[in-house]
Amino acid sequence: MSQNLLIVLDPDLKAPQPALSKALLLAREEDLEITVFVNAYSGPMVRAVGLDEERFNAAKKQITHAWEQRIYSLAGAHPVSLALVWARREMDALRTEILRLLPDLLVVHTSREQGLRRHLFTPRDWQLIRKAPCPVLCVHSESWEQPSSMAGSTGSW
C-alpha cells in the first residue's frame, strides 16, 4: 500500500510554496505519491469580469492553466496529481478533497508572518489539526537542515 501526501498550496500564484518543496523532499526520499490542492478562485477576477460569462470562463481557464504550469514547474520530474478547485469557500472545498483522497499526511504552509507571529497557527491550521482524519504537517518557509526521514515507519504516520 503506497502512502500519499496532500499538499495545500498558498493561494498566491507567485508565492514560494514551501509546503510543496518540503513535501517533495519527503516524497522523493520515501517514494510517496503527491496530490496538490489549490483553490484557484480569484475574487478580484470575478469582480473584474462582472456578469460576462464568456470573459469569466476565459479568465478562469487562464488562471487554472497558470496554476497547472506553476505546480508542474515546482514539482520538476516528480509526478503529481492535481486537485485544482474553484470554490468561494475554501475550507469546504478542502474538507471535501481530504475526505475524497484520505491522505496519509496533509502538508500546509502555516504562516507567512515574520518574527514571533510565525509561531502561531492560523484558524485554518487549527481546524485542520483538530479535524483532519490524518496527521497534519505545518511547515514554515525556512529550509530544513536535513529532510525528515520516515524510514522504519510501519505504514502509518
Side-chain angles (χ1 to χ4, degrees), residues 1-43 46 60 63-157:
M1 180 171 106
S2 68
Q3 294 179 327
N4 59 3
L5 305 175
L6 177 60
I7 296 47
V8 180
L9 295 189
D10 291 334
D12 181 1
L13 181 63
K14 296 178 182 174
Q17 306 301 349
L20 180 57
S21 60
K22 291 178 180 179
L24 284 167
L25 289 173
L26 291 173
R28 289 178 181 135
E29 186 175 303
E30 301 292 329
D31 194 32
L32 304 172
E33 295 177 13
I34 287 183
T35 301
V36 177
F37 172 89
V38 66
N39 182 9
Y41 177 82
S42 171
V46 170
K60 182 178 173 183
I63 290 171
T64 301
H65 180 71
W67 270 112
E68 290 171 351
Q69 295 302 317
R70 174 81 167 132
I71 293 166
Y72 289 135
S73 71
L74 289 172
H78 195 90
V80 296
S81 299
L82 299 180
L84 286 166
V85 299
W86 189 271
R88 194 168 182 181
R89 296 175 55 155
E90 181 179 17
M91 277 310 292
D92 290 344
L94 180 55
R95 182 181 306 110
T96 299
E97 200 61 30
I98 291 169
L99 293 174
R100 183 181 75 80
L101 292 172
L102 294 175
D104 296 299
L105 179 66
L106 181 62
V107 183
V108 297
H109 181 210
T110 190
S111 176
R112 288 179 232 124
E113 299 285 340
Q114 295 298 319
L116 186 59
R117 293 198 68 184
R118 70 187 167 103
H119 296 291
L120 302 174
F121 291 117
T122 66
R124 180 198 68 177
D125 298 336
W126 278 115
Q127 228 177 357
L128 291 173
I129 291 167
R130 288 179 50 232
K131 297 182 179 182
C134 61
V136 177
L137 176 61
C138 296
V139 299
H140 289 290
S141 299
E142 292 83 21
S143 62
W144 283 343
E145 297 279 326
Q146 182 176 1
S148 174
S149 176
M150 296 178 347
S153 75
T154 60
S156 64
W157 303 34

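The first residue in the sequence is number 1, and the count goes up from there.
Considering only heavy atoms from C-beta on, Leu128 comes within 4.5 Å of Met91 through its side chain. Side-chain atoms of Val8 and Leu94, non-hydrogen and from C-beta on, do get closer than 4.5 Å to each other. Contact check for Cys138 versus Ile129: side-chain heavy atoms found under the 4.5 Å cut-off. Put simply, the side chain of Thr110 does not reach to within 4.5 Å of the side chain of Val139, judged on heavy atoms. Considering only heavy atoms from C-beta on, Val85 stays 4.5 Å or farther from Val38 through its side chain. By the 4.5 Å heavy-atom criterion applied to side chains, Pro18 and Asp10 are counted as neighbours. You'll find the side chain of Leu105 stays beyond 4.5 Å of the side chain of Leu6, heavy atoms only. Between Trp67 and Leu9 the shortest side-chain heavy-atom distance falls below 4.5 Å.
Interatomic distance, Arg89 CZ to Thr96 OG1, rounded to the nearest 0.5 Å: 10.5 Å. Taking CG of Leu137 as the start and CG of Leu106 as the end, the distance is 9.0 Å to the nearest 0.5 Å. For the atom pair NE2 (His109) and OG (Ser21), the distance works out to 9.0 Å, reported to the nearest 0.5 Å.
Scanning all heavy atoms of the two residues, the minimum distance from Leu24 to Ala75 falls at CD1-CA, 3.7 Å. Here the shortest heavy-atom pairing between Ile7 and Ala23 reads CG1-CB, 3.3 Å.
Looking at residues two or more places apart in sequence or on another chain, you find no side-chain hydrogen bond (donor to acceptor under 3.5 Å, both in side chains) involving Arg124. Qualifying side chain to side chain contact (heavy atoms under 4.5 Å, CB included) partners for Pro133, counting only residues two or more places apart in sequence or in other chains: Ile98, Leu99, Leu102. Residues passing the salt bridge (charged side-chain N to carboxylate O under 4.0 Å, His left out) test with Arg95, sequence neighbours excluded: Asp92.
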Verify side chain to side chain contact (heavy atoms under 4.5 Å, CB included) between Ser42 and Ile63, making sure each step is shown before the conclusion. CA-CA 9 Å; Ser42 171; Ile63 290 171; 4.0 Å; yes
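Using a distance-only test at 3.5 Å, with no hydrogens or angles considered, a donor-acceptor pair links the side chain of Lys22 to the main chain of His140. Listed for the Asn39 side chain is a donor-acceptor partner under 3.5 Å among the backbone atoms of Ala87.
Residue pairs meeting the side-chain hydrogen bond (donor to acceptor under 3.5 Å, both in side chains) criterion with at least one partner in residues 68-85, sequence neighbours excluded, are absent. Sequence neighbours left out, the pairs with a member in residues 4-42 that pass ring-ring contact (aromatic ring centres under 6.0 Å, His included) are Tyr41-Trp86.
In summary, of the residues considered (Thr35, Asn4, Val136), a side chain to side chain contact (heavy atoms under 4.5 Å, CB included) with Pro103 occurs for Asn4 alone.
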